[in-house]
Each structure stands twice: as structure tokens, then as C-alpha cells.
Amino acid sequence: MGILLYNSLTGKKEPLVTLEPGKVRFYACGPTVYHFFHLGNARMFVVFDTIRRYLEYRGYEVRFVQNFTDIDDRIIQRAHELGISPRELAEENIRYYFEDAGKLFIRRATVHPRVTECVDDIIRFIQDLVDRGHAYERNGSVYFDTSSFPEYGKLSHQSPEDMRAGYRIEVQDEKDDPADFALWKAAKPGEEWWPSPWGPGRPGWHIECSVMNYLYLGEQIDIHAGGRDLIFPHHENEIAQSEAHSGKTFARYWLHNGTLNINGEKMSKSTGNFIMARDLLARRDPRAVRFFLLSAHYRNPLNYTEEALDQAEQALARIDRLIRDLEHRAEALQTMRGALDRAEEVPSDAARSDVEQIRRAFIQAMDDDFNTADGMAAIFDGVRLVNTRLEDGGVNLGDLRLYRDLFVELLSVLGIPKKDEARLEDEIERLIAERAEARKRRDFARADEIRDQLRHRGIVLEDTPYGTRWSYES
RNA sequence: GGCGCCGUAGCCAAGUGGUAAGGCAGAGGUCUGCAAAACCUUCACCGCCGGUUCGAAUCCGGCCGGCGCCUCCA
């Protein structure tokens, strides 16, 4: 029995069958970098980082792409307010993204493409759509012709006719049909622009994701993920663009996480109903914040309260105490080595069987549409079982280590490092960010210094064209 | 108006046909110099009303309450 995942496209749980056996092409919508991200954004990042980790845990090679939208109305607007250029604002917020994401133990994607790096590819992609009769130009803007794509609406389960009934905003006359959407926006005076066959302008909101998928994952991908509120119009439009372009099915599985609520309503920057991840992380244990974000199933709504966070902190402390207890006992036994048969380093059959049972329960829960709440329950069942073993005595050194490694393993699948390592991972991310800055300044002395410093601590850095990844030296 | 989601103990939260996981908080107990931790015990008429079924938190219908999307949104 393999992994089942809920597919928004079909409304059903389906077995995971990837395009290429053993490999997953996974795209998650990333942030528009005009500000810090809030806890609702954080939930999405944490959820899909956890799914990525779990897929890897189950043996898949995951190519995980997450974009930065660094061209956008809000970026232009906020940059203007702050009196800096849109580029400066975006750069700054990308840096803040990595800082805050690092604190939440969100790993770097395989690739973090930026819209500004893909403008030429975007223009080519739009030109292809125009050539194939799926898009048309009006006054320097280009629009997607939804009537040219009969399956438009298949993700949000609405036909263009249904949607028409709900239009809140008076339609621009420029478009042939109100359901059509912009691929390329003609520049208004004073706005940032790029040259194109249709005149100066910039990419529309949805096109970047289609193009980045195409560039970094190919015409067809396995999993496309994002917040529930992106189903329409963003993901619907992405499907239209990508499938009109390739003539093939774009993503096999669409995953959407539920909203994070505060005061019973969706956390949202535009309504002012939000709490910045950065502010929360400054006063709360990041491990507990991550634990809280995973305490509900990812598709369900999750309500933020201080009390829920307190409870997450207490619950996590229970696991931490057991791990610490196991380590302390192991240390004690080690100093008595030879004096007792309990110093035996080969784990007993009983302990092996316990560990297998706990791991199996965890996998069974997570295989079922990444049910982290159930997975946590499996961990707590394990905590009780192992505590019972410790009460009964007769646990040898090998057993202690086996148990300890199990809990560290399962927590790490959820992206929660062992308590005393949390600070370390955070620090590594910070150093990598600092090194990236240094490299950008061509200050290679400082960059190498950081690399050497980390190497001495058993951490290997690897620079890829798409960023730096790190791992423990094996 | 259209599409969709949610309502499980004081709190958080799994569970989609066979008489309710897990966590937090609480109560009682064991252990302990005291305490903590740990362990044991304890704590639910699954929003309401009908229906289907031998059997429903789970399926169907209706109602009540809350929420999301319908071109700013994760």
C-alpha cells in the first residue's frame, strides 16, 4: 500500500503514481515578495515542506520548485511608498523569506526561480500562445482567450457561465470576454517594464508559474500545491496556460491546504487580519510553532490562538523529555560498560519490534494523505510505549539508542529537529544566507571562511545553479 | 446567485458503516525524602431533525451555525 493523496482536481483520494518511477516533480506556489510573510503563508510553506520531506522519507527523489514572484502591483506600490526601487524591495524580502523560513526549519527548494529571471522565457511562452490562437493582443496587453480552452473551469468545478454570474468588478472592455485574463500587462507611466513584441510591459500574475514549471520541471509535473484560495483564479488559469501550450495534462495531482484562521476568519494581509511569522517567531519557540501548524490535517482550517500554541509547546515537550531521558540513560549505562549486561549494544528483539510497530503506525497515518495529526498520535502512542518499557527496566544500551533514533527520525520527517539541534539548523541557514550575500559581493574570502567553518562542524555546503543546499557530512 | 468546506470532551484534534485515536488541561492513584517526570485509572448522548441499514460521527435529505472562492489573496 503506497501513498494516497487527495486531488482537488477529482475531489478524491488517489494513489500516488509518478510520471517517472521513484521521482516526484513537485511545484509549490511561493510568495509575492512585497512584505514579510504571515502565519497563514507559513502554514502553506510548512505543510508542503513536510510533504516533500515525507516523500523523500518514503524513498522518492523529489525535485521541488518554489517561485518568488518579484514583479507585481503590490511590489510596485509598496516600493513607491518606501521610496525604494521594486528590485530593492524584492531582494530585501527574499532575504527575509529565507530568514523566517529557516527559523521554521523550512528547507530550501531544489530551485527558487524568480519572475525577473524568466521574463524572456515568459515572452516566448506568451508568443506561443498567441501563435496557437489561445491569446490576443489589445493595446499593448495580451489576454488569454478562455473560450479557446474548453476545459476551462475544471479545477474550480465551475463553468465560465457560472462565474459570470458572480462578477463583482466591472469588466474591462478591452477583453473579449470577462473570463479572459492578462498574460502580459502594458506598462503604465512610471512602472517597471520590460521590452516585448507588444511593447513595454510586464508579465501578468499567472503566467510565471506556468513558465517556471515548464522551465524547471517540464510540460508535465506530478504535484502542484498551493493555498485553497489559489484554486481560482490562479491555478485554474495556470492549467489553461500550460495545457493550451503543451496540449498535455499539466499536473497530475493538485494539493490545496486549508486556511489559517485568526478570530475565526482567514488570515489575510489585505484585511489586516494577520500576524507576521517573524513577530511570532520572535516570542515563541519555532519548534512549537511548526508543531502547531502540523497539528491539524493540512486540508482543514486551523485556528490560531495563544492557547493552542501553549498546548503545542506542552505536547512537544513530552516528546523532548523522552528523548532526553533516553540519552541520559544511555550515557549512564555507557559509563558502567562491562559492569552490567544492560550495557549490551545489540538491541533486543523486543525493542526492534516496538520500533517497527511505531514506525509502521506513523507511516500508515502519513501515507493516508499526509495525515500529520494522526502521525503525531502514532508518535505519542510510541512515547507511552517506550516510557512503559523504561518503567519496567531491562532496556539495554542498544535499545535506548534505537528508541532515541526513532523519535529523532520521526520528528525530523515533520521537520522538527531535536531540541538542542534547533538552534544549530537556524544558525546554519543564517550563515548560508550571509555567505550568499558575500558571494554576491564577490567577497569570496568571507564566503570560503563560512564554508570552512561549517565543514569543521560536519556540515557540507553544495552550491547549485539554484542556490546552496547543505547536509551533514556522511 | 454559483462552486466548495467546516461543526467530535473544558481546549486542540484524528476518525467517512460495526457501539469514539492522540495531545493539552482537570480528578484519583502508584512511585518519590519533597517535587518533577513517568506509569495506571478517570473525563464525549460526535450541531439539530428525519431517512437508508442488522448496525451511522461516518451514507442520503432538510434545517441551524461558521467559513472560503467567484479575477488583491497561501
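Proteins come first, then strands; the chains are lettered A, B, ... in the order of their sequence lines, and each starts at number 1.
- Applying the 3.5 Å distance criterion, the base of B:C11 shares a donor-acceptor pair with the side chain of A:Q311.
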Exercise for the section: Determine, stepwise, if the pair A:D49 / A:R107 fulfils salt bridge (charged side-chain N to carboxylate O under 4.0 Å, His left out). Expected result: CA-CA 7 Å; A:D49 177 66; A:R107 287 171 49 201; 5.2 Å; no

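- Here the side chain of A:R318 is nearest to one of B:C11, B:A38, B:A14, namely B:A38.
- Here the separation of B:C5 from B:C60, taken at their P atoms, is 11 Å to the nearest Å.
- Side chain of A:A315, nearest nucleotide from B:C24, B:C12, B:G22: B:C24.
- Here, B:A25 and B:C12 have their C1' atoms 11 Å apart, quoted to the whole Å.
- Between B:A14, B:C72, B:C39, one nucleotide has an atom nearer to the side chain of A:H297 than all others, and that is B:A14.
- Within 4.0 Å of A:S295, counting heavy atoms only, lie sugar-phosphate atoms of the nucleic acid but no base atom.
- Exactly one residue among A:H235, A:R228, A:H224 makes a side-chain hydrogen bond (donor to acceptor under 3.5 Å, both in side chains) with A:H256. That residue is A:H235.
- Close to B:C40, at under 4.0 Å from its OP1 or OP2, lies a side-chain N or O of A:R384.
- Within the 4.0 angstrom heavy-atom criterion, only backbone atoms of the sugar-phosphate kind lie near A:N371; the bases stay farther away.
- The A:H157 side chain lies nearest to B:C3 when the options are B:A21, B:C3, B:C24.
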Handout entry: Working for side chain to side chain contact (heavy atoms under 4.5 Å, CB included), residues A:K419 and A:R321
Key = CA-CA 10 Å; A:K419 195 163 188 234; A:R321 278 194 299 267; over 6 Å; no

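- Of the candidates B:C67, B:C72, B:A14, B:C67 carries the atom nearest the A:E265 side chain, counting heavy atoms from C-beta on.
- The shortest distance between the side-chain N/O atoms of A:R321 and the OP1/OP2 oxygens of B:A38 is below 4.0 Å.
- Across the protein-nucleic acid pair, A:L260 atom CG and B:C67 atom P stand 16 Å apart, rounded to whole Å.
- In this structure B:G1 sits in a base pair with B:C70, meeting the Watson-Crick or G-U test at under 3.5 Å.
- The nearest heavy atom of RNA chain B to A:A378 and to A:D368 marks one nucleotide each, and the one closer to the 5' end goes with A:D368.
- Atom C1' of nucleotide B:A13 and atom CZ of A:R43 are separated by 12 Å, given to the nearest angstrom.
- The phosphate of B:C69 (OP1 or OP2) has no side-chain N or O of A:R228 nearer than 4.0 angstrom.
- Backbone-only contact: A:G226 has heavy atoms under 4.0 Å from sugar-phosphate atoms and none from a base.
- For A:F380, taking side-chain heavy atoms from C-beta onward, the closest of the listed nucleotides B:C12, B:G23, B:A14 is B:G23.
- Donor-acceptor pairing under 3.5 Å is recorded for the side chains of A:Y403 and A:D354.
- Atom OH in A:Y403 sits about 15 Å away from atom C1' in B:A38, given to the nearest Å.
- Following rounding to the nearest Å, A:Q158 (CD) and B:C3 (C1') show an atom-to-atom distance of 4 Å.
- For B:A9, there is no paired nucleotide, since no Watson-Crick or G-U wobble pair has both relevant distances below 3.5 Å.
- Between the C1' atoms of B:C6 and B:C48, the separation comes to 16 Å (whole Å).
- Taking atom C1' in both B:U58 and B:U8, the straight-line distance is 11 Å, to the nearest Å.
- Here the separation of B:C3 from B:A44, taken at their C1' atoms, is 34 Å to the nearest Å.
- Counted by atom type alone, A:T146 and A:D180 present one or more donor-acceptor pairs between their side chains at under 3.5 Å.
- Distance A:N303 CG to B:C24 C1': 16 Å, rounded to the nearest Å.
- Closest-nucleotide positions on RNA chain B for A:G30 and A:G264 were compared, and the one nearer the 5' end corresponds to A:G264.
- If you measure from atom CG of A:L9 to atom P of B:G4, you get 14 Å, rounded to the nearest angstrom.
- No side-chain N or O of A:E238 forms a donor-acceptor pair with one of A:Y27 less than 3.5 Å apart.
- Atom CG in A:L302 sits about 13 Å away from atom P in B:G7, given to the nearest Å.
- For A:R324, no side-chain nitrogen or oxygen approaches OP1 or OP2 of B:A38 to under 4.0 Å.
- Here A:N41 lies in heavy-atom contact (under 4.0 Å) with a base.
- Among the protein residues, A:D325 comes within range of no part of the nucleic acid, since none of its heavy atoms lies under 4.0 Å from any strand.
- Within the nucleic acid shown, A:I379 has no heavy atom closer than 4.0 Å to any nucleic acid atom.
- Residues A:F36 and A:F274 place their aromatic rings such that the two centres sit no closer than 6.0 Å.
- For B:A9 and B:G15, the P atoms lie 16 Å apart once the distance is rounded to whole Å.
- Base pairing of B:U42: its partner is B:G26, meeting the Watson-Crick or G-U wobble criterion (both donor-acceptor distances under 3.5 Å).
- The partner of B:G17 is absent, by the rule that a Watson-Crick or G-U pair needs both atom distances under 3.5 Å.
- On the P atoms, B:G23 is 24 Å away from B:A57, given to the nearest whole Å.
- B:U53 sits 43 Å from B:C40 when the P atoms are compared, rounded to a whole Å.
- Under the 30°/60° scheme for interplanar angles, the aromatic rings of A:F362 and A:Y54 are found to stand perpendicular.
- You won't find any donor-acceptor pair under 3.5 Å spanning the side chain of A:K269 and the base of B:C72, going by distance alone.
- Checking B:A14, B:C11, B:C12 against the side-chain heavy atoms of A:E307 singles out B:C11 as nearest.
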